[in-house]
Every structure is written in C-alpha cells, then in structure tokens.
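Structure record follows, encoded as structure tokens.
Values reported hereafter were calculated over all heavy atoms of this structure, with side chains retained and with hydrogens, waters and symmetry mates removed.
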Amino acid sequence: MTTPSLASFSRIVVKVGSSLLVDRAAGALKRDWLAALVDDLAHLHARGADVLVVSSGAIALGRTVLAFPSGALKLEDSQAAAAIGQIELARDWAEELSAHAMTAGQV
C-alpha cells in the first residue's frame with residue numbers, strides 16, 4: 001500500500017505542542033519557528049486545503065508572565081497560567097496568519 005501524499009488531503013489537522021512553540025529557558029514564543037510553520041500552512045491553504053491547528057503553549061507562556069517556577073503546577077496555577085497565556089498565544093497566531101491574509105479563530 002502506498003502512503004498518500006499531503007497534497008491528496010482536503011482537510012489537514014496540525015497539532016503543535018508546547019515544546020515546539022515555547023523556548024522554556026527563555027519562557028518566550030519561538031517566533032521564527034511559528035513564522036516558518038505559518039508559511040507552510042499558508043501554502044496548504046492557498047491550494048484549497050482546510051487547515052486546522054490544535055495548539056498547546058498557553059500554560060507555558062502564561063507561567064512566564066506569572067513568574068511561576070519550573071516543574072509541576074497546582075491545578076489553579078495551571079488554570080491561571082492558561083488564562084493569561086491563551087491571550088498571548090491567540091494574538092501571536094493571529095498576527096502570523098494575517099501576514100498571509102488568513103484569519104485565526106478559536107474554539
């Protein structure tokens with residue numbers, strides 16, 4: 001059986017984990033990496049594919065803003081970090097996508 005090529009799909013779901021998006025040592029978004037990924041997503045979108053992105057990273061970004069130490073967080077600290085980090089993460093995705101005339105949405 002032949003492995004299908006990415007070009008044969010009309011809907012593509014991409015899962016992006018925290019370790020790909022966030023530099024833990026700096027506690028900051030890997031902006032160059034995100035820009036390169038969005039370039040690839042824009043090419044898929046331009047050829048007519050529906051592109052859905054499932055993105056982690058909210059807690060990792062928020063914990064830096066709140067100056068939480070590394071390691072496990074209590075549930076309420078994770079929730080606080082996610083609430084703050086999600087705003088930054090959504091803004092960063094929206095900025096990168098808008099450079100390609102694409103719109104970000106959140107579910």
Side-chain angles (χ1 to χ4, degrees):
M1 185 162 142
T2 310
T3 302
S5 80
L6 194 56
S8 66
F9 293 94
S10 60
R11 177 167 291 150
I12 299 164
V13 179
V14 178
K15 169 63 170 96
V16 181
S18 296
S19 63
L20 293 172
L21 266 178
V22 179
D23 178 341
R24 288 203 184 256
L29 187 72
K30 296 178 184 175
R31 293 190 182 280
D32 291 343
W33 186 89
L34 179 59
L37 174 63
V38 170
D39 284 344
D40 291 340
L41 298 177
H43 289 297
L44 294 170
H45 181 69
R47 73 148 173 87
D50 291 329
V51 180
L52 305 161
V53 177
V54 179
S55 178
S56 297
I59 293 173
L61 289 173
R63 77 183 300 152
T64 301
V65 173
L66 295 172
F68 287 154
S70 60
L73 295 174
K74 295 183 290 183
L75 176 61
E76 59 269 23
D77 291 340
S78 291
Q79 291 171 327
I84 290 170
Q86 186 61 35
I87 295 167
E88 180 177 343
L89 187 61
R91 184 186 63 239
D92 292 332
W93 275 107
E95 286 175 5
E96 289 298 331
L97 290 168
S98 70
H100 295 277
M102 296 171 66
T103 304
Q106 183 176 342
V107 178

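Here the closest heavy-atom approach between residue Glu96 and residue Arg31 is recorded as OE2-O, 4.5 Å. Contact detail for Gln106 and Ala90: the closest heavy-atom pair is OE1-CB, 4.0 Å. Between Val22 and Gly57, the shortest heavy-atom distance links the atoms CG2-O, 4.1 Å. Nearest heavy atom pair, residue Pro4 against residue Phe9, reads CG-CZ, 3.8 Å. In terms of heavy atoms, Ala82 sits closest to Ala58 at O-CB, 3.8 Å.
In this structure, Thr103 has no side-chain contact (heavy atoms from CB on, under 4.5 Å) partners at least two apart in sequence or on a different chain. With sequence neighbours left out, Arg24 forms a salt bridge (Lys or Arg N to Asp or Glu O under 4.0 Å) with no residue at all.
Hydrophobic clustering of Ile, Leu, Val, Met, Phe, Trp and Tyr side chains at less than 4.5 Å, counting indirect connections, unites Leu41 with Leu20. Grouping the Ile, Leu, Val, Met, Phe, Trp and Tyr side chains by contacts below 4.5 angstrom, directly or via other members, places Ile59 apart from Leu34. With hydrophobic clusters built from ILVMFWY side chains whose heavy atoms lie under 4.5 angstrom apart, Leu89 does not share a cluster with Leu52. Both Val53 and Leu37 are assigned to one and the same hydrophobic cluster, defined by single-linkage of ILVMFWY side chains at heavy-atom distances under 4.5 Å. Residues Leu21 and Val51 share a single hydrophobic cluster, defined by chaining ILVMFWY side chains whose heavy atoms lie under 4.5 Å apart.
Atom CZ of Arg11 has 12 or fewer neighbouring heavy atoms from other residues, nucleotides or ligands inside a 6.0 Å radius. Heavy-atom neighbours of Lys74 NZ from other residues, nucleotides or ligands within 6.0 Å: at or below the threshold of 12.
Rounding to the nearest 0.5 angstrom, the gap separating the CG atom in Asp23 from the CG atom in Asp32 is 11.5 Å. Residue Gln79 holds its CD atom at 11.0 Å from CG of Leu73, rounded to the nearest 0.5 Å.
In summary, of the residues considered (Asp50, Val14, Leu6), a side chain to side chain contact (heavy atoms under 4.5 Å, CB included) with Leu44 occurs for Leu6 alone.
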Next item on the list: For side chain to side chain contact (heavy atoms under 4.5 Å, CB included), just list the numbers for Leu66 and Asp77, CA-CA rounded to whole Å, side-chain angles, deciding distance to a tenth of an Å, and then say yes or no.
Entry: CA-CA 9 Å; Leu66 295 172; Asp77 291 340; over 6 Å; no
Note to self: The test is side chain to side chain contact (heavy atoms under 4.5 Å, CB included); show your working for Asp39 and His100 and say whether it passes.
What the structure shows: CA-CA 8 Å; Asp39 284 344; His100 295 277; 2.7 Å; yes
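Under the 3.5 Å distance criterion, the side-chain polar atoms of Arg63 are matched with a main-chain donor or acceptor of Pro69.
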